[in-house]
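Below you'll find the structure, written out as structure tokens, and then a few comments.
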Amino acid sequence: MKCQVARELLSPYIDYELTENEKVMLEEHLSVCAHCNKELAELRSMVDCLHQLGELQAPTGFMTELHSRLLEVKVVPFESKKTAAAQKPRWIAASVAGIAMALGVYISSVMPITPVLDKIAGIFDSQPAPNQGTSIEDIINDIQKKNQGNQHTPAPKDQPIKTADVTPVTPQPTTDPTPSNTSEIHSTTPKNNTVPKNNTTPEAPIVVSDTKKIDTVNVQMTVANNVLAADKIAQIAMVNQGQTESQLTDVMSGKSQVVVIWVPRDKVDEVVAGIKQIGTITNPMQGKQDITTQYNEAKDQLQVVANEIAKIKSQSVISPDDQDRLSALEYQKSFYQGQITELDKKADMVEVRILLSEEINP
Amino acid sequence: MLLYKDSDLIQLSIEGDTRAFEELVGKYQHKVYSLSFRYMGNEDDANDMSQEAMIKAYRSLKSFKGDSSFSTWLYRITANVCLDELRKRKRTLHMISLDEPVATLDGDDLEREIADSSPTADIMYERKVLEEQLQGVILTLKPEHRSVVVLRDVMDLTYEDMADILQCSVGTIKSRLSRAREILRKKLSDRELLP
């Protein structure tokens, strides 16, 4: 057998896809040809490497995005009379939901921004459960009334949420006027984490505030169906420029039990109003999650890496080895910058954690 | 819902149950995303192509006859969506040649000099560099060669499934894979990426 023919058989050979005859002929050739043996070894090695690439994980929220797209395209793929009839209530429900979302967006665009958790407290406290006949309009009216009752001056974007660490929500207005340090980080930290270009150029030091905390809202909800509720919560988060952080599923029942969403501060009221439509909310709690250590460590690492980069760049001659090291350092710099950006982003949002439980039917 | 077989979920989907469809494709979301990523080479495109493939699957579920497994059918749609996009880009963007190495490959052995920073970043960097180098070389293959290498060597599918997905004979798969592996082996060898 010639090498050219043998080489064409190497690929099916490692996959056990040769006929018995082909296999015998190839193995005879391999027993005398060092060159083809080397190619076979390299081929096997390459296939092993490719196997190690493995399976990637679809991004978080992939299925939620798909769900929204399926609703958006409003595809009715199978138009039998039976299914067309079955689709009708869904279509009506989707339309109602669409109108509600549009109303929500409109209301949010005309409402002044007020301290978020004051509103949440009011919503939780004054709204009857949806099962008692609450309409979307009622909730929107209630929010508007709350806004009229509150101060009309729009709050700054980084208005801190005035709460103690994890306290039950009460309808009384908060009395603590002291702003938390959450806002300091945004006003003192440069948005772009610039790296000093060299040792001689003074750069503004990265100022890290004492504490950095994320505002959280925890609620418990009794719903008719955990899976459907989790799905609706994810949709509500999405239409309000939020995102679903995680969705914990009970292994035994296969049903969602805890849903964590992140929503912009100025959208929390719409989100809560929407969530109230799904089930009965009990035990609302608000609090803060301290991410100071995590944030500071990322900042420190970024500074170390930035200094190292500056040191190398200040050299008059940069060797190929230095160039390699610079590539590695640049990657690490973007890694820590990404971490910091993510934490900054989270600090601008509110984490809403919903513990779901299904109604027990007698 | 987790106890339903594919065939049950397909039937429910055909009757208009979108939750059943989501349950059905949810089982394959990671594989579909992986396949898309290996074709496209970046996360944004992989996400877009995967979403597009699933919407197409939903639209054409009626045409699924059950001749192959649902997963094979879904991978076929995914491969076609990616190949269509690559063809479209090749037609409209003449500046990119698929046979040219990507820029990230220019610096060999980047992992050699990593030192004294946090272990997490180091480990992630090493893994990222190796994966990028391999993925980068895969992206230099022509789409038809990329298809067979990804389906066989990354996703570990059989020749029969590959023939089904790519709508050609097993013989064609065999010869195309042999050719693609030969090209890839040479490229990796040239870059000293083989152990």
Side-chain angles (χ1 to χ4, degrees), chain A residues 7-12 14-15 17 39 41-43 45-59 62-63 65-67 69-71 73 75-78 80 82-84 86-87 90 227-228 231 254-255 297 301 304-305 308 321-325 327-329 331-332 335-336, chain B residues 1-2 14-16 18-19 21-22 25-26 29-34 37-38 43 46-47 50-51 54-55 58-62 107 109-115 117-118 121-122 124-125 128 131 134-135 138 149 152-156 159 174-175 177-178 181-182 184-185 188-189 193-195:
Chain A
R7 275 203 294 273
E8 284 175 13
L9 295 180
L10 292 178
S11 168
I14 63 168
D15 290 334
E17 292 282 344
E39 287 202 4
E42 281 191 351
L43 189 61
S45 169
M46 178 189 81
V47 170
D48 284 346
C49 283
L50 291 170
H51 273 306
Q52 284 167 24
L53 281 177
E55 187 174 298
L56 299 167
Q57 294 290 299
F62 180 84
M63 290 307 294
E65 186 182 344
L66 177 66
H67 180 86
R69 285 195 180 188
L70 285 169
L71 291 180
V73 293
V75 177
V76 183
F78 318 110
S80 71
K82 182 183 162 193
T83 53
Q87 289 290 313
R90 285 167 186 262
V227 175
L228 293 177
D231 205 37
K255 291 176 176 175
E297 278 177 2
Q301 289 292 343
V304 169
V305 171
E308 191 75 8
D321 280 356
D322 284 337
Q323 199 60 51
D324 287 349
R325 173 131 181 81
S327 300
L329 288 166
Y331 171 79
Q332 289 172 23
F335 174 84
Y336 291 120
Chain B
M1 289 290 270
L2 292 174
I14 286 173
E15 287 170 7
T18 52
R19 290 287 307 176
F21 180 75
E22 286 168 32
V25 294
Q29 57 171 314
H30 301 305
K31 287 196 182 297
V32 166
Y33 178 79
S34 294
F37 184 88
R38 299 302 169 207
E43 291 166 3
N47 187 57
S50 306
Q51 293 281 342
M54 288 188 172
I55 295 288
Y58 180 65
R59 283 180 162 143
S60 53
L61 196 55
K62 195 178 174 185
D109 300 324
L110 287 180
E111 73 276 23
R112 206 175 38 193
E113 289 294 320
I114 317 165
S117 60
S118 93
D122 279 356
M124 289 189 70
Y125 178 70
K128 188 180 166 63
E131 285 190 3
L134 270 177
Q135 175 68 30
I138 291 173
V149 165
R152 176 65 198 169
D153 293 335
V154 182
M155 299 195 67
D156 208 19
Y159 282 30
K174 201 183 280 189
S175 58
L177 180 61
S178 183
R181 279 171 165 172
E182 177 63 11
L184 190 58
R185 185 188 64 76
L188 292 173
S189 186
L193 288 173
L194 289 177

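Per chain, numbering begins at 1; letters A, B, ... match sequence-line order. Hydrogens, waters and symmetry mates play no part in the numbers below; they use all other heavy atoms, side chains included.
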Among the listed options A:Asp48, A:Leu66, A:Asp322, the residue most often paired with chain B at heavy-atom distances under 4.5 Å: A:Leu66
Region of A:Glu39 in contact with chain B, defined by heavy-atom distances below 4.5 Å: both
Max heavy-atom pair count under 4.5 Å with chain A, selected residue of B:Val149, B:Asn47, B:Val25, B:Leu188: B:Asn47
Pick from B:Glu182, B:Arg152, B:Lys174, B:Met155 with the largest number of heavy-atom pairs that fall under 4.5 Å of chain A: B:Arg152
Proximity breakdown for B:Ser189 and chain A, heavy-atom pairs closer than 4.5 Å: side chain
Non-hydrogen side-chain atoms of B:Met54 and B:Gln51 separated by less than 4.5 Å: no
Non-hydrogen side-chain atoms of A:Arg69 and B:Tyr58 separated by less than 4.5 Å: no
Point-to-point distance, once rounded to the nearest 0.5 Å, from CG of A:Leu56 to NZ of B:Lys31: 11.0 Å
Residue part contacting chain B, namely of A:Asp15, when any heavy atom lies under 4.5 Å: both
Separation between CZ of B:Phe37 and CD of A:Gln57, rounded to the nearest 0.5 Å: 13.5 Å
Interchain contact, B:Leu184 with chain A, by part (heavy-atom threshold 4.5 Å): both
Side chain to side chain, B:Tyr33 and A:Glu55, heavy atoms closer than 4.5 Å: no
Largest heavy-atom contact set with chain B, pairs under 4.5 Å, which of A:Met63, A:Glu8, A:Gln52: A:Met63
Heavy atoms of other groups near B:Glu43 CD, more than 12 under 6.0 Å: no
